[in-house]
Amino acid sequence: MKFLFDMLPVILFFGIYKYGESHQEWAHGLVTDYLGVLISGGAVPASQSPILLATAVTILATVLQIAYLLARRRKVDGMLWVSLGVVAVAGGATIYFHDDTFIKWKPTILYWAFGAALLFAHLVYRKNLMRSALGGAMSLPEAVWTRVLYAWVAFFVALGVLNLLMAFVVFEGDTGAWVSFKLFGISGILFAFIIIQSLMLSKHIQEDAPNGN
């Protein structure tokens, strides 16, 4: 459930874009009626409406996520606040300039921010955020926790670069293909990385497990 909650803005972005892509008049009507005052020039071609509408829904969904957690008196993860800041700035620029370049940069900025936060906390405050997040579920040697942290930093950097390559090189001019990659491709890569890392860490967990008599 937490995974679905965290993925909700991404899923909505994909769903709204794909629906708007095949129903451009519907998307154009909503963008004109509700986003016209936020758009430079006040009007956009119908072909740009799906990405603008999907971006606006993503911003709203992220705001509602935080509002829901605050209303339930639950902790809002720092990364969710970062995500809101990034999507608000990149998404706002996309809507105002009606240019999808900004929202295509959003995942990269977010991944690099995650990696930078992990590295900053480790180097400056001597705090391993991966151990803080996962330490309750597994016990690993300190050296292994450090390798886990650096693996995630490298992964976030690489994922950010991959997003740029797919958005501006491989799928240049094909926003729909990039939107699909954003949901399915990146999610698949993330799952694969977690599974591979879990298999690698299982060896250390078994080695450190107490021997039964």
Side-chain angles (χ1 to χ4, degrees), residues 3-4 6-24 26-28 30-31 35 38-41 43-63 65 79-119 151-196:
F3 173 77
L4 290 176
D6 293 340
M7 287 291 293
L8 182 60
V10 178
I11 295 171
L12 288 175
F13 182 84
F14 173 82
I16 294 295
Y17 178 85
K18 289 300 182 181
Y19 187 81
E21 190 177 33
S22 58
H23 298 79
Q24 287 191 6
W26 169 80
H28 190 243
L30 288 178
V31 168
L35 300 180
L38 303 177
I39 297 173
S40 176
V44 296
S47 60
Q48 292 182 330
S49 297
I51 192 67
L52 301 187
L53 184 60
T55 298
V57 169
T58 302
I59 296 173
L60 179 61
T62 307
V63 170
Q65 279 183 315
M79 292 305 180
L80 186 53
W81 287 112
V82 173
S83 181
L84 175 61
V86 173
V87 75
V89 173
T94 290
I95 294 171
Y96 180 77
F97 294 107
H98 40 91
D99 185 346
D100 60 13
T101 298
F102 299 100
I103 200 63
K104 288 179 178 178
W105 265 91
K106 178 256 178 183
T108 292
I109 295 172
L110 194 60
Y111 301 143
W112 287 353
F114 289 166
L118 292 174
L119 196 59
W152 276 97
V153 171
F155 175 72
F156 282 131
V157 171
L159 203 57
V161 172
L162 177 62
N163 175 68
L164 294 181
L165 289 174
M166 300 303 286
F168 300 110
V169 179
V170 177
F171 297 137
E172 182 182 10
D174 190 348
T175 299
W178 172 77
V179 169
S180 297
F181 168 77
K182 184 173 180 288
L183 176 59
F184 300 107
I186 289 180
S187 296
I189 293 170
L190 178 61
F191 278 134
F193 179 77
I194 291 174
I195 291 172
I196 292 171

A.B. asks: Is there a side-chain contact between F13 and V57 in this structure, where contact means two heavy atoms from C-beta onward sitting under 4.5 Å apart?
C.D. replies: no
A.B. asks: Any sub-3.5 Å donor-acceptor pair from H28's side-chain atoms to V44's backbone N or O?
C.D. replies: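 Flag set: sc H28 to bb V44 pair under 3.5 Å.
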A.B. asks: Just to verify, what does K104 make a salt bridge (charged side-chain N to carboxylate O under 4.0 Å, His left out) with, not counting sequence neighbours?
C.D. replies: D100
A.B. asks: With sequence neighbours left out, which residue pairs that include part of residues 51-61 fulfil the side-chain hydrogen bond (donor to acceptor under 3.5 Å, both in side chains) condition?
C.D. replies: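 Qualifying pairs, neighbours excluded: none.
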A.B. asks: Measuring from L164:CG to I109:CD1, what's the distance to the nearest 0.5 Å?
C.D. replies: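 L164 CG to I109 CD1: 9.0 Å, rounded to 0.5 Å.
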A.B. asks: Measure across P107 and K182 and return the closest heavy-atom pair with its distance rounded to 0.1 Å.
C.D. replies: CG-CE, 3.6 Å
A.B. asks: Which pair of non-hydrogen atoms, one from E21 and one from G176, has the smallest distance, and what is that distance?
C.D. replies: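 Minimum heavy-atom contact is OE2-CA, 4.1 Å.
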A.B. asks: Please report the closest heavy-atom contact between G91 and I103, naming both atoms and the distance.
C.D. replies: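 Shortest heavy-atom contact: CA-CD1, 4.0 Å.
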A.B. asks: Got a sec, which pairs hit ring-ring contact (aromatic ring centres under 6.0 Å, His included) with one end in residues 172-192, sequence neighbours left out?
C.D. replies: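 Checked against ring-ring contact (aromatic ring centres under 6.0 Å, His included) - neighbours excluded - the pairs reaching residues 172-192 are F3-F191, F14-F184.
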A.B. asks: Please round to the nearest 0.5 Å and tell me the distance separating atom CG of L52 and atom CG of D99.
C.D. replies: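 Interatomic distance, L52 CG to D99 CG, rounded to 0.5 Å: 9.5 Å.
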A.B. asks: Should the pair Y19 and H23 be assigned to parallel (<30°), tilted (30 to 60°) or perpendicular (>60°) ring geometry?
C.D. replies: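 Y19 and H23: parallel rings.
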A.B. asks: Is any side-chain heavy atom of N163 closer than 4.5 Å to a side-chain heavy atom of K106?
C.D. replies: no
A.B. asks: Would you check, one step at a time, whether the test side-chain contact (heavy atoms from CB on, under 4.5 Å) holds for M79 with L110?
C.D. replies: CA-CA 9 Å; M79 292 305 180; L110 194 60; over 6 Å; no
A.B. asks: Check side chain to side chain donor-acceptor pair (under 3.5 Å) between W112 and all other residues, then give those that pass, not counting sequence neighbours.
C.D. replies: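 Side chain to side chain donor-acceptor pair (under 3.5 Å) list for W112, sorted by chain: empty.
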A.B. asks: Could you tell me which non-hydrogen atom of H98 sits nearest to which non-hydrogen atom of Q48, and how far apart they are?
C.D. replies: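 Reported closest heavy-atom pair: O-NE2, 3.4 Å.
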A.B. asks: Might you confirm whether atom OH of Y96 has over 12 heavy atoms from other residues, nucleotides or ligands at distances under 6.0 Å?
C.D. replies: no
A.B. asks: F102 vs V89, test: side-chain contact (heavy atoms from CB on, under 4.5 Å). Steps then yes/no.
C.D. replies: CA-CA 9 Å; F102 299 100; V89 173; over 6 Å; no
A.B. asks: So do F155 and I189 actually touch side chain to side chain, heavy atoms under 4.5 Å?
C.D. replies: yes
A.B. asks: Listed by chain and number, what are the side chain to side chain contact (heavy atoms under 4.5 Å, CB included) partners of A88, not counting sequence neighbours?
C.D. replies: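 Partners of A88 under the side chain to side chain contact (heavy atoms under 4.5 Å, CB included) test: none.
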A.B. asks: Quick one: are T108 and V161 in side-chain contact, heavy atoms under 4.5 Å?
C.D. replies: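 Counting from C-beta outward, T108 and V161 never come under 4.5 Å.
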A.B. asks: Between CD1 of I11 and CD1 of I16, what distance do you get to the nearest 0.5 Å?
C.D. replies: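 Answer rounded to 0.5 Å: 12.5 Å.
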A.B. asks: Please tell me if the side chains of F114 and L159 come closer than 4.5 Å, counting only heavy atoms from C-beta onward.
C.D. replies: no
A.B. asks: Apply side-chain contact (heavy atoms from CB on, under 4.5 Å) to residues Y111 and I186 and explain how you reach the verdict.
C.D. replies: CA-CA 11 Å; Y111 301 143; I186 289 180; 3.2 Å; yes
A.B. asks: My understanding is that only residues two or more places apart in sequence, or in another chain, count here; which of them pass salt bridge (charged side-chain N to carboxylate O under 4.0 Å, His left out) with D6?
C.D. replies: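 In terms of salt bridge (charged side-chain N to carboxylate O under 4.0 Å, His left out), with neighbours along the sequence ignored, D6 is linked to K2.
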A.B. asks: Kindly give the heavy-atom pair with the smallest separation between V82 and A113, and that separation in Å.
C.D. replies: CG1-CB, 4.1 Å
A.B. asks: Shortest non-hydrogen contact from Q65 to P9?
C.D. replies: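 In terms of heavy atoms, the two residues are closest at OE1-CG, 3.3 Å.
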A.B. asks: Under 3.5 Å, is there a donor-acceptor pair between the side chain of S49 and the main chain of V31?
C.D. replies: no
